[in-house]
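Presented below is the structure to which this report refers.
Just so it is clear, the structure is predicted and the values come from calculations on it, not from any experiment. Note on naming: letters A, B, ... go to the chains in the order of the sequence lines (proteins, then strands), and numbering restarts at 1 for each one.
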Amino acid sequence: MPIPPAIEFKNVTKTYGENTVVDDLSLSVPAGKITVFVGPSGCGKTTSLRMINRMVEHTRGEILVDGQPNTGRPAHELRRSIGYVLQQAGLMPHRTIVDNIATVPVLKGVSTKEARAQALELLERVGLDRSFAKRYPAQLSGGQAQRVGVARALASGSSILLMDEPFSAVDPVVRSDLQNELLRLQRELGVTIIFVTHDIDEAITLGDQLAVFARGGRIAQFGTPEEILRQPADDFVASFVGRDRGMRRLTFASASDVTIHPLQALETPWQNWQLKVEDGKPAGWLVDGRLIPGGSLYREGASLRDALDSVLSSPSGWGVAVDNEGKLLGLLKSDDVLDATETERQRRYGVGA
Amino acid sequence: MNWLSSNLDYVAQLAALHVLQALIPLVAGTLIALPLARLAVGRRRDGRSTELSTTAGKVRRATVINSAALLYTIPSLALFVLMPLILGTSITSLLNVYVALSLYVLAMMVRSSVDAFESVSPITLEAATAMGYTPVRRFWMVELPLAIPVMVAGLRVALVSNISMVSVGAVIGIQSLGTLFTDGLRRNIPAEIIVGIVGTVLLALVLDRVLAALGAWNTRWRKA
Ligand SMILES: Nc1ncnc2c1ncn2[C@@H]1O[C@H](COP(=O)(O)OP(=O)(O)OP(=O)(O)O)[C@@H](O)[C@H]1O
Ligand SMILES: [Mg+2]
């Protein structure tokens, strides 16, 4: 028996006066997966998301949460059963971090003591030290606040998490950390996540399923990231997934076929470039007595896109491969990587061999 | 100083009366102002809505704020004299002061409470709603605590203004530190006049500091 969808939109329409913002939306959100709503600004992603926990009331149609119409019980009860992470964290400035996380359990009538104990565990779960517990939100960085926001949403004990551009206000490095941790948390807890973003890269990184929204709250395409990149349903989707489509698609191709040349095996074919190694880890390139910082590293088992990037970003033209601990494995040759993309292309269309 | 040491009990008694006449209206006026102000602010729009507030909402807000401002323009002495006529109290009754000053506090606190409620971030309120707060609980647990910093600023002005206005009551025979001033003038005792003035100033300073400290304690989260 197939797992019933966690959330189901059935012919849902939202109008503001004359304005139809979401038009006849039908969509099944699979349980235990990350579904990303992606699309250009103003196309109704946020509105669709907020109709689920009735922060916005829909005009027509029906929304089922775990099989039950979401209008079947008081809005505040529904909301306590669904985690919600806002763009600006939205923590209560007058409450300590631990009490912020404990908000929903306390609203549900759990004793403060019990709720706080659970909050402390969640604090660690989202990668923050327990010493943050007694701080106030004003004392956190944007990234830390967002982690607390995620912990607060998880504290509801809900199996459904709604996230509206939660990482858009933090810098790219922190954002990628947060994305990775979200993926880890989702795998650990098996929760259903609906994630809104207008960043197609973020959507591809996180989504098991993407719903590409077009203006007017219409779904232009629904499918896995790979399906959408491979076969955009129409010109709109093609233009939205963008010019870098070719590069993005390499995200799904494995680079395991690319040879990693051990350093010793090579007779310094890179002329006067020399790789500096410290404690077994790459530490930049030496040329004419100067040390030049290295490019991106290819971590063993990563995608072809990472392999290509390590080659393109390397000062010497040789990609640097490392293992999971960051120890040097060897070098990637640009020709090998390009050959691999060629093989990938042929395999994709089922030609050549 | 001789005058003060031999009249210490009398001064202390007047000071206590003074504090009472200043604080009771402060509390009463504020308690009436809060619901009015909250009503004037209306339903807060959420953090992202582009909707303009309705015309009805704007009219309601302007009506409440402007009537409060109008109240404040009535001269205090006139109000003290009018009170017995309206309330049927004797002219020296403390009730006159309580009611008259409550009206002033009301006038001041409506305005600053409106500002206080409007200072609360709509994003925070929206987040609270999304967590599953009921409207009533959200008001007591989130909106009101977050409005306190701006409200305390208003309370401090109202308190100091009350302390100075209580003295006016002495002119029509209501006992307070102001009595020292009128009595000193009448009987020509400069020391008594000075004690009256200095005492009032000291009282204002001390109570203002206490209120500020209470406010700061309540809002530790702001600069923690
Ligand atoms: N309360 C409202 N009243 C009237 N129109 C609204 C309201 N809220 C949203 N809209 C309109 O609905 C449309 C969809 O808004 P929505 O916020 O869902 O878009 P979005 O896809 O989340 O965009 P973004 O990526 O910019 O966040 C917009 O055109 C917006 O102006
Ligand atoms: Mg949005």
Side-chain angles (χ1 to χ4, degrees), chain A residues 16-17 19 21 42 46-47 49-50 52-56 73-97 99-109 134-140 145 148-149 152-153 155-156 158 162-165 169, chain B residues 34 38 43-57 113 115-153 155 213-224:
Chain A
Y16 286 109
N19 226 343
V21 182
T46 297
T47 305
L49 186 80
R50 291 160 62 96
I52 297 170
N53 67 353
R54 288 173 63 192
M55 290 299 286
V56 171
R73 48 183 170 158
H76 64 266
E77 273 179 30
L78 174 81
R79 291 178 190 137
R80 286 174 197 173
S81 73
I82 298 177
Y84 186 39
V85 184
L86 297 85
Q87 187 171 2
Q88 303 94 331
L91 302 177
M92 305 290 129
H94 60 308
R95 301 259 177 80
T96 57
I97 300 308
D99 284 341
N100 261 286
I101 299 176
T103 302
V104 178
V106 168
L107 282 175
K108 281 177 168 170
K134 286 272 174 287
R135 293 206 201 173
Y136 287 97
Q139 299 166 293
L140 300 187
V148 175
R152 176 175 67 176
S156 64
S158 155
L162 310 179
M163 309 181 84
D164 193 355
E165 301 195 32
Chain B
L34 280 179
R38 188 59 194 76
R43 206 165 83 88
R44 291 294 301 276
R45 282 163 295 131
D46 64 36
R48 60 185 284 279
S49 163
T50 48
E51 272 175 312
L52 289 172
S53 46
T54 59
T55 320
S113 304
D115 290 343
F117 286 128
E118 285 178 350
S119 76
V120 180
S121 153
I123 291 165
T124 306
L125 294 177
E126 187 199 27
T129 307
M131 293 305 112
Y133 275 90
T134 55
V136 172
R137 201 149 169 189
R138 185 182 88 161
F139 173 77
W140 290 107
M141 306 297 286
V142 181
E143 197 170 3
L144 191 60
L146 289 177
I148 283 179
V150 175
M151 225 176 276
V152 166
L155 275 175
L214 275 178
W217 184 80
N218 240 295
T219 56
R220 301 178 295 282
W221 49 271
R222 286 182 91 200
K223 44 180 176 294

* Any chance the side chains of B:Arg138 and B:Thr129 put a donor and an acceptor closer than 3.5 Å? -> yes

* Indicate whether any N or O donor in one side chain lies under 3.5 Å from an N or O acceptor in the other, for A:Ser81 and A:Arg73. => yes

[X] versus chain B, the contacting section by heavy-atom distance below 4.5 Å:
{"X": "A:Leu91", "result": "backbone"}
{"X": "A:Leu86", "result": "side chain"}
{"X": "A:Arg152", "result": "side chain"}

* To do: Mind running side-chain contact (heavy atoms from CB on, under 4.5 Å) on B:Phe117 and B:Phe139 for me, showing each step along the way?
  => CA-CA 10 Å; B:Phe117 286 128; B:Phe139 173 77; 3.7 Å; yes

* Test: A:Glu77 and A:Lys108 ion pair at under 4.0 Å -> no

